[in-house]
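Presented below is the structure to which this report refers.
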Amino acid sequence: MCGIVGYVGGKEALPVLIDGLKNLEYRGYDSSGVCLIPSAGGKLDIRKEQGKIKFLDELIAKDPLPKAHVGIAHTRWATHGAPCRKNSHPHPNADHTIAVVHNGIIENYQILKATLIQKGYKFLSETDTEVIVHLVSEYFEGDIVKAVRRAIKDLEGAFAIGVVSSDDPGILVAARVGSPLIVGIGKGENYIASDVPAIIKYTRNVIYLKDGEMAVLRRDSVDVTTFAGKKVSAKIDKVTFHIDAAQKQGYPHFMLKEIHEQPDVLAKMLKARLKAGRVELDGLGLSDAALKGMNRIKIVACGTAYHAGLVGRYIIEELARIPVEVDVSSEFRYRTLLVDKKTLVIAVSQSGETADTLAAIREAKAKGARIVSICNVIGSSLARESDGVLYTHAGPEIGVASTKAYTAQLMMFYILALKLAEVHKGIDPKSRGLLIKDLLEIPALYRDILKVHSRISSVAKDFSHFGCFLYLGRNINYPTALEGALKLKEISYIPAEGYAAGEMKHGPIALIDEYRAVVCIAPQSDIYEKMISNIQEILSRKGKVIVIATEGDQAIIGHDTHVISVPRTHKLLTPLLAVLPLQFLAYYIAVNRGCDVDQPRNLAKSVTVE
């Protein structure tokens with residue numbers, strides 16, 4: 001969600017901070033701001049503006065900031081208070097000697113605010129964040145580190161914060177609970193950021209702060225402690241992806257670039273995880289004996305990751321013969337949890353910081369369940385709190401609408417299902433070998449689809465004027481219908497629903513007319529004929545149909561439909577292929593409608609609050 005950048009060092013801070021904010025735009029935001037400690041001394045200088053960072057740039061051009069070597073900056077995604085300048089971060093205290101940037105939610109802010117108002121503090125914004133800066137100011141007695149440490153004790157909720165003070169001009173203080181925050185280690189300079197792309201241009205050496213940790217950054221040092229002040233020996237990790245991975249590289253949008261990266265991502269996963277027909281699951285954290293002792297599986301995730309989990313259920317039940325349930329994380333945590341030490345909980349999250357998913361695994365772990373996470377971000381909270389972690393290594397995904405992270409999650413479920421099938425003896429060796437052979441061909445089949453994406457662009461142009469869409473799929477491609485609908489509404493703002501095709505006659509068929517576009521996912525399978533019947537029912541009611549069909553399917557061409565073909569593959573693997581044209585369809589429709597594809601309104605890449 002919100003983005004944080006902080007700098008202390010020998011460079012001019014402003015360009016570093018603004019550059020960092022621009023590299024965090026993918027997280028979603030509605031306003032931005034920057035705060036500097038002037039090198040010449042004096043009070044903090046702050047500039048804030050609603051809207052895109054370019055408007056902040058324009059404001060600074062009209063009202064320049066002084067030279068400075070220490071500062072903090074922020075992009076805000078509104079939770080408390082409307083998007084506007086007064087609610088933007090950084091938030092200063094009354095005399096502009098202390099300022100704070102904050103990601104997360106302070107759950108007890110109303111109580112704290114009431115107490116602070118009684119003490120004479122005046123609030124200028126509607127945010128929960130402002131209580132932090134006034135608390136720090138209340139406890140400040142000449143040492144900003146002690147003041148922040150004392151203020152943190154009063155806070156309840158999730159937060160990542162950066163704090164500066166003109167009375168301690170060479171110091172930047174950071175702390176986290178529940179919201180991601182990293183420290184970048186440089187030579188004669190150090191950084192904080194909510195994600196690696198903000199600072200990868202300047203350093204690859206990072207410390208992933210853990211919950212309950214606080215960092216004090218100076219130009220030549222970084223000290224990490226617990227909130228109680230106990231020194232921590234923090235591990236410095238090296239970022240492995242190149243800066244080009246976080247840039248467009250000639251593509252008009254990150255989303256299109258990331259769609260095209262999928263064959264390489266999947267090929268890399270297969271090379272690392274399938275060796276001579278054997279599944280290599282480094283990081284799983286569970287022995288074969290422990291896996292065999294699991295008698296049921298629960299998958300928890302949100303959004304696109306939830307759809308990957310739904311496909312995972314079909315795959316695991318088919319191959320390993322283990323009962324699987326899939327829950328939206330935000331609902332799972334509030335159910336009566338019937339889990340025990342024989343339950344394997346698989347948590348799926350691209351960022352590894354999804355608040356609801358983290359809360360879900362904590363509830364399950366407290367009841368004895370074993371936790372394995374499927375995650376893309378190394379060192380994330382989810383990875384640290386799980387018994388095992390299966391990294392997808394998809395590289396940074398900048399577009400808010402997930403593409404390569406989704407297909408990487410799918411691929412990991414196939415690989416994990418093969419492992420579970422091996423342990424539980426759920427599939428015969430011959431069938432297993434044939435499935436692995438087909439799985440290894442998937443990256444090449446992706447490249448075949450990419451070569452003909454102009455056909456999908458043409459279909460998208462014909463359908464861009466429709467005001468609503470229905471996506472239909474059956475069995476293992478029912479989740480694909482859900483994912484296709486989600487992609488469309490995320491980036492084009494067109495109302496779209498995904499349905500199990502067999503449910504169409506139980507309500508959705510009432511929506512079908514000449515103004516409704518229907519996307520039918522109908523690759524060759526055991527239920528192909530049933531999908532054909534659904535398509536005929538739609539056409540008889542004048543619905544406009546797009547069909548995702550298997551290459552060479554002559555029967556479907558006889559119907560009045562727009563056909564997008566995908567190569568033939570094993571029926572269990574069709575979700576991997578069918579989703580690719582749906583990603584393209586959503587992308588091109590959004591582009592045709594003039595939408596902001598990479599930064600759709602109201603959305604954030606990483607949802608770190610409930």
For this session: Determine which pairs satisfy salt bridge (Lys or Arg N to Asp or Glu O under 4.0 Å) with at least one residue from residues 145-156, sequence neighbours left out, and list them in order.
Result: Arg150-Asp154
For this session: Report yes or no: does Arg47 contribute a side-chain atom to a donor-acceptor pair with the main-chain N or O of Leu65 at less than 3.5 Å?
Result: no
Exercise. Among all residues two or more places apart in sequence or in another chain, which pass the side-chain hydrogen bond (donor to acceptor under 3.5 Å, both in side chains) test with Ser165?
Worked result: none
Exercise. Under 3.5 Å, is there a donor-acceptor pair linking the side chains of Ser373 and Ser386?
Worked result: yes
Exercise. Which pairs pass salt bridge (Lys or Arg N to Asp or Glu O under 4.0 Å) with one or both residues in residues 381-393, sequence neighbours excluded?
Worked result: Arg362-Glu385, Arg370-Asp387
For this session: Please tell me if the side chains of Lys365 and Val345 come closer than 4.5 Å, counting only heavy atoms from C-beta onward.
Result: no
Exercise. Hey, mind stepping through Val324 and Ile346 against side chain to side chain contact (heavy atoms under 4.5 Å, CB included) and telling me if it holds?
Worked result: CA-CA 10 Å; Val324 181; Ile346 303 173; over 6 Å; no
Problem set entry | Test item: Ile491 and Cys595 side chains (from C-beta on) under 4.5 Å apart, heavy atoms | no
For this session: Any pair with a residue in residues 162-187 that passes salt bridge (Lys or Arg N to Asp or Glu O under 4.0 Å), sequence neighbours left out, goes on the list, sorted by first then second residue, please.
Result: Arg176-Asp211, Arg176-Glu353
For this session: Could you tell me the separation between the CD atom of Glu490 and the CE atom of Met255, rounded to the nearest 0.5 Å?
Result: 8.0 Å
Problem set entry | Neighbour count >12 (heavy atoms, 6.0 Å) for atom NZ, Lys489 | yes
Exercise. Under 4.5 Å between any side-chain heavy atoms of Thr75 and Ile53, yes or no?
Worked result: yes
Problem set entry | Glu130 side-chain N/O to Ser125 backbone N/O, donor-acceptor pair under 3.5 Å | yes
For this session: Flag the pair Asp220 and Arg218 as a salt bridge only when some basic side-chain nitrogen lies within less than 4.0 angstrom of an acidic carboxylate oxygen.
Result: no
Exercise. So, Asn376 side chain and Pro396 main chain: donor-acceptor pair closer than 3.5 Å or not?
Worked result: no
For this session: Please report the shortest heavy-atom distance between Ile46 and Pro92, naming the atom on each side.
Result: CD1-CB, 3.6 Å
Exercise. Do Thr225 and Lys230 pass the side chain to side chain contact (heavy atoms under 4.5 Å, CB included) test, and can you show the C-alpha distance, the side-chain angles, and the key distance before you say yes or no?
Worked result: CA-CA 5 Å; Thr225 68; Lys230 183 180 179 181; 5.9 Å; no
Problem set entry | Within-4.5 Å side-chain heavy-atom neighbours: Val232 and Thr226 | yes
Exercise. Salt bridge or not for Lys367 and Glu363, using N-O below 4.0 Å?
Worked result: no
Problem set entry | Listed partners of His393 passing ring-ring contact (aromatic ring centres under 6.0 Å, His included), at least two apart | Tyr391
Exercise. At their closest point, which heavy atom of Ser349 faces which heavy atom of Leu382, and how far apart are they?
Worked result: CB-CD2, 3.8 Å
Problem set entry | Residue pairs fulfilling ring pair (Phe, Tyr, Trp, His ring centres under 6.0 Å) with at least one residue in residues 349-372, sequence neighbours excluded | none
Problem set entry | Polar side-chain atom of Gln409 near backbone of Ile374 as donor-acceptor pair, under 3.5 Å | no
Exercise. Between the side chain of Arg204 and the main-chain N/O of Val239, is any donor-acceptor distance below 3.5 Å?
Worked result: yes
Exercise. By ring-ring contact (aromatic ring centres under 6.0 Å, His included), which residues pair with Tyr121, not counting sequence neighbours?
Worked result: His134
Problem set entry | Gln50 versus Ser31, closest heavy-atom pair with distance | CA-CB, 3.8 Å
Exercise. If you count the non-hydrogen atoms of other residues, nucleotides and ligands that lie under 6.0 Å from NZ in Lys342, is the total more than 12?
Worked result: no
Exercise. Does Ser194 reach the side chain of Leu24, with side-chain heavy atoms less than 4.5 Å apart?
Worked result: yes
Problem set entry | side-chain hydrogen bond (donor to acceptor under 3.5 Å, both in side chains) partners for Glu331, two or more places apart | none
Exercise. Are any of the side-chain heavy atoms of Leu155 and Val177 separated by less than 4.5 Å?
Worked result: no
For this session: Name all residues meeting the ring-ring contact (aromatic ring centres under 6.0 Å, His included) criterion together with Tyr7; count only those two or more places apart in sequence or in a different chain, and write none if there are none.
Result: Tyr191
Problem set entry | From Ser492 atom OG to Asp596 atom CG, the distance as rounded to the nearest 0.5 Å | 13.0 Å
Exercise. Got a sec: does the OH of Tyr499 have more than 12 other heavy atoms crowding it under 6.0 Å?
Worked result: no
For this session: Step by step, work out the side chain to side chain contact (heavy atoms under 4.5 Å, CB included) result for Asn205 and Lys238.
Result: CA-CA 5 Å; Asn205 298 315; Lys238 196 167 190 70; 3.6 Å; yes
Problem set entry | side chain to side chain contact (heavy atoms under 4.5 Å, CB included) evaluation trace for Leu209 with Val183 | CA-CA 7 Å; Leu209 288 184; Val183 175; 4.0 Å; yes
Problem set entry | From Ser166 atom OG to Leu36 atom CG, the distance as rounded to the nearest 0.5 Å | 12.0 Å
Seminar exercise, completed: Here the ring pair (Phe, Tyr, Trp, His ring centres under 6.0 Å) pairs for residues 210-233, sequence neighbours left out, are none
Exercise. So which heavy atom on Tyr208 is nearest to which on Ile182, and how close?
Worked result: CD2-CG2, 3.4 Å
Exercise. Just by distance, do the side chain of Glu397 and the backbone of Glu258 share a donor-acceptor pair under 3.5 Å?
Worked result: no
Pairs of donor and acceptor atoms involving the side chains of residues 111-120, under 3.5 Å and at least two apart or interchain, shall be tabulated with distances.
unit_1: Thr115; atom_1: OG1; unit_2: Ile111; atom_2: O; d: 3.1
unit_1: Lys119; atom_1: NZ; unit_2: Glu138; atom_2: OE2; d: 3.3

Exercise. Does the Ser330 side chain pair with the main chain of Asp356, one donor and one acceptor, at a distance under 3.5 Å?
Worked result: no
Exercise. So, the side chain of His74 versus the backbone of Ser32: is there a donor-acceptor pair under 3.5 Å, distance only?
Worked result: no
Exercise. Once you round to the nearest 0.5 Å, how far does CD1 of Ile297 lie from CD of Glu325?
Worked result: 11.0 Å
For this session: Can you see which heavy atom on Lys22 is nearest to which on Asp57, and at what distance?
Result: NZ-OD2, 3.0 Å
For this session: Begin from the C-alpha positions of Ser402 and Thr304 and carry the test side-chain hydrogen bond (donor to acceptor under 3.5 Å, both in side chains) through to its verdict.
Result: CA-CA 7 Å; Ser402 182; Thr304 284; 5.1 Å; no
Problem set entry | Thr127 and Asn87: side chain donor to acceptor below 3.5 Å | no
Exercise. Can you find a heavy atom in the side chain of Asp223 that is under 4.5 Å from one in the side chain of Lys231?
Worked result: yes
For this session: Only pairs at least two apart or in different chains count here, so list each salt bridge (Lys or Arg N to Asp or Glu O under 4.0 Å) that has a residue in residues 83-99.
Result: Glu49-Arg85
Problem set entry | Side chain His102, main chain Ile161, donor-acceptor under 3.5 Å | no
Problem set entry | Distance-minimising heavy-atom pair for Ser329 and Thr357 | OG-OG1, 2.8 Å
Exercise. Taking C-beta and beyond as the side chain, do Leu488 and Tyr471 meet within less than 4.5 Å on heavy atoms?
Worked result: yes
Exercise. Within the side chain of Lys487, is there an N or O that forms a donor-acceptor pair under 3.5 Å with the backbone of Ala586?
Worked result: no
